[in-house]
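Here the structure is a predicted model, which is why all the values come from computation and not from measurement. Residue numbering restarts at 1 for every chain, and letters A, B, ... go by the order of the sequence lines.
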Number of protein chains: 2
Amino acid sequence: MAGRRTDTRERIQQVALDLFVEQGYEKTSLREIAERLGVTKAALYYHFRTKEDIVHSLVEDVGTSFDEIIEWARAQGDPVGVREEVLRRLSVLITGRFGRIVQFMQDNQPALKDLHAGAVLVTRLRELFAVVGVDEADAESQLRVRLAVVALMVGNNQRFLGEFPADEAADAALRVALELASPRSGGAT
Amino acid sequence: MAGRRTDTRERIQQVALDLFVEQGYEKTSLREIAERLGVTKAALYYHFRTKEDIVHSLVEDVGTSFDEIIEWARAQGDPVGVREEVLRRLSVLITGRFGRIVQFMQDNQPALKDLHAGAVLVTRLRELFAVVGVDEADAESQLRVRLAVVALMVGNNQRFLGEFPADEAADAALRVALELASPRSGGAT
DNA sequence: GTCTATACTAAGATAGAC
DNA sequence: GTCTATCTTAGTATAGAC
């Protein structure tokens, strides 16, 4: 808030995230955001160059946190041994302060796809998959470790596992993720 | 083709699905579809009442097939014993002629959400989850069986497991799904 | 029955006044 | 830092040509 004279930028982000989570990115118009704030559309364009810019500003923090996990994992020697810790750190992020944003990203994957913000999600997810599945060669093993990441995301998504309390769902998600990521002992049929 | 003199309706569906899969539902304009077909936007409105109607026409066949699986499963006596067969039938649908449409639904879940077509996906998915997870009480078990369905969908999605040949990915998806849906023997920590 | 011409509303976006 | 006015293009609707 240092050099600025209003907090409109932050209020835009706040209201936009509310509406994006409720209705989805495409279905939320700038007019709606502006009206709820009591300003005009043009005012939004002073603070953000495009609608995409708004969502990008919301998502970039998550991207940075993902990057930190990825870089940490790559710095370690033993990829398999590190996998579990990667999932635990991811779980903390998703169940913590980034929960709503991660859910939003998950629900609006296609909308974000071609957006600049899409890179934040898609690229990072691919890197996470790579980090988590380094030593897995066949399709089944790759699918398992990638599903571990998916388990964390959908398990903490109200729309997916909404009947259970959030903390219970979060626990379950982590347990399932760890199981999916654990090296196979017995083979399949 | 009985009472009709042109195949424009089918061509619209074809072109629309192509573009929807490529670019997503929201990003594809009616002008684009019309131009690729060499007609005007208004012509589309002769064959379909709305844009949503187009996607609905694409998705309803899948919905019917899902319903058949759900109804069959409910007609059986033993819910757990039937779970495996439900997943196998789902796998056939997804890897078969409905593959592209299922991938489209998956990728455009938020766009379809409030649409009439959304009921085809969301409602059916919930019912599938219910059928597949009847006897599972805790969050972890529910998450596992629901992830089994997700495994089938993402495993057959090029964007998710694109490095492997389609048939290999399909096999892997079914194996992982069956494993996730199999009753637990050992407990977690 | 099939399609074009035309027009309407609302969206994202921009220029310039205050 | 915010507003008014305007632009382009989206989805939608309908009257009427063939």
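- Contact check, A/His47 against D/dT2: a side-chain N or O comes under 4.0 Å of OP1 or OP2.
- Remark: C1' of D/dG11 and CZ of B/Phe48 are 16 Å apart, rounded to the nearest angstrom.
- Atom NZ of B/Lys41 and atom P of D/dT14 are 15 Å apart (whole Å).
- Taking the side chain of A/Tyr46 as heavy atoms from C-beta on, and the options D/dG1, D/dT4, D/dA13, the nearest nucleotide is D/dG1.
- Within the structure, a side-chain polar atom (N or O) of B/Thr8 is placed less than 4.0 Å from OP1 or OP2 of C/dC3.
- Residues satisfying the ring-ring contact (aromatic ring centres under 6.0 Å, His included) criterion with A/Phe20, sequence neighbours excluded, are A/Tyr25, A/Phe104.
- A continuous path of hydrophobic side-chain contacts links A/Val21 to A/Leu93 [ILVMFWY only; heavy atoms under 4.5 Å].
- Among the nucleotides C/dA13, C/dA5, D/dC3, the one closest to any side-chain atom of A/Ala42 is D/dC3.
- Atom CZ of A/Arg49 has 12 or fewer neighbouring heavy atoms from other residues, nucleotides or ligands inside a 6.0 Å radius.
- Look at B/Thr50 and you won't find any side-chain N or O under 4.0 angstrom from OP1 or OP2 of D/dG11.
- At whole-Å resolution of the value, NZ in B/Lys27 and C1' in D/dT9 are 15 Å apart.
- B/Glu26 places its CD atom 14 Å from the P atom of D/dA10, with the value rounded to the nearest Å.
- Taking the side chain of A/Tyr45 as heavy atoms from C-beta on, and the options D/dT4, C/dA13, C/dC3, the nearest nucleotide is C/dA13.
- Residues from residues 28-39 of chain A that place a heavy atom under 4.0 Å from any atom of DNA chain C, listed by number: A/Thr28, A/Ser29, A/Leu30, A/Arg31.
- Within the 3.5 Å criterion, the main-chain N or O of A/Leu161 finds no donor-acceptor partner in the side chain of B/Gln142.
- Residues A/Thr28 and A/Gly24 come closest through the heavy atom pair OG1-O, 2.8 Å.
- If you check C/dA15, C/dG12, C/dT4 against the side chain of A/Lys51, the one that comes closest is C/dG12.
- Judged as a ring-ring contact (aromatic ring centres under 6.0 Å, His included), and not counting sequence neighbours, A/Phe66 has no contacts.
- Summarising the geometry, the separation between CD1 on B/Ile12 and C1' on C/dC3 is reported as 11 Å, rounded to the nearest angstrom.
- Note: CD1 (A/Ile54) to C1' (C/dA13) measures 12 Å, nearest angstrom.
- Checked for salt-bridge contact, A/Lys51 and A/Glu32 miss the test: no charged N lies under 4.0 Å from a carboxylate O.
- Residue B/Leu44 contributes atom CG, which lies 14 Å from atom P of C/dA5 at whole-angstrom precision.
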